[in-house]
Amino acid sequence: LSWIVSPFLGGLIAFSIYFLIHKFLLLSPNPSHRTIKLIPIILSLVIAIDVVFLFVGGPKSIRMIIPVPYLVLIFFGTAIISYLPSYYILKKLREMRSKGISIDPFAITSKNKMATRRSIVINNEQQQQQ
């Protein structure tokens with residue numbers, strides 16, 4: 001029975017996440033703005049699902065028999081705890097973007113740190129001149 005139920009539930013969860021991303025992010029009028037708002041929520045839900053899975057069906061060293069009400073508390077507690085840092089980080093990124101600072105995740109590497117800092121300074125100077 002678990003060979004049938006497990007893939008079905010996994011597919012149902014995957015489809016639900018895909019459907020939410022497709023409907024609320026990809027089809028929205030401004031996907032990048034909506035993404036910045038919804039990423040902390042999606043990230044916290046995925047982390048909470050992973051944590052509950054580790055307690056229920058993970059490795060034997062951390063697998064526990066936990067009553068469902070406690071699993072629900074663990075799920076929501078993990079979701080809230082993981083939501084706060086991601087919200088804070090994205091809030092700071094939004095503030096940087098509103099100030100005109102270019103946010104390029106591929107430019108921040110050990111080789112390009114100086115070039116990235118120069119481009120931020122150049123962008124800020126150009127905006128101040130305008």
(message) Test of understanding: clusters of I, L, V, M, F, W, Y form through side-chain heavy atoms closer than 4.5 Å, transitively. Do I49 and V68 belong to the same one?
(response) yes

(request) Determine whether I81 and L54 fall in the same hydrophobic cluster, where Ile, Leu, Val, Met, Phe, Trp and Tyr are linked whenever their side-chain heavy atoms lie under 4.5 Å apart. (result) no

(request) Output the distance between atom CG (L20) and atom CG (L26), rounded to the nearest 0.5 Å. (result) 11.5 Å

(message) For a side-chain contact (heavy atoms from CB on, under 4.5 Å) check, start with the C-alpha distance between L25 and I42, then their side-chain angles and the critical distance, and finish with the verdict.
(response) CA-CA 11 Å; L25 292 180; I42 293 171; 4.2 Å; yes

(request) Please list, chain by chain and in numerical order, all residues satisfying side-chain contact (heavy atoms from CB on, under 4.5 Å) with S6, sequence neighbours excluded. (result) none

(request) Could you pull out all residues at least two apart from F19 that satisfy side-chain contact (heavy atoms from CB on, under 4.5 Å)? (result) F15, K23

(message) Listing request: all ring pair (Phe, Tyr, Trp, His ring centres under 6.0 Å) pairs with a residue in residues 39-83, at least two apart in sequence or in separate chains.
(response) Y83-Y87

(request) Any chance you could measure I17, atom CD1, to L12, atom CG, to the nearest 0.5 Å? (result) 10.0 Å

(message) Under 4.5 Å between side-chain heavy atoms, counting indirect links through other Ile/Leu/Val/Met/Phe/Trp/Tyr residues: same cluster for I80 and V51 or not?
(response) no

(request) Hey, could you give me the CG/CG distance between L38 and L43, rounded to the nearest 0.5 Å? (result) 12.0 Å

(request) Applying ring-ring contact (aromatic ring centres under 6.0 Å, His included), name anything that partners Y18, two or more places apart in sequence or on another chain. (result) H22

(message) When you compare the side chain of I66 with that of V56, does any pair of heavy atoms fall below 4.5 Å?
(response) no

(request) Output all residues satisfying side-chain contact (heavy atoms from CB on, under 4.5 Å) with V5, sequence neighbours left out; order by chain, then residue number. (result) L1, L9

(request) Could I get the full list of side-chain contact (heavy atoms from CB on, under 4.5 Å) partners for S82, not counting sequence neighbours? (result) S44, I47

(message) As an exercise, state the distance from CD of E95 to CG of L90, rounded to the nearest 0.5 Å.
(response) 11.5 Å

(message) Is the shortest side-chain heavy-atom distance between D50 and T78 below 4.5 Å?
(response) no

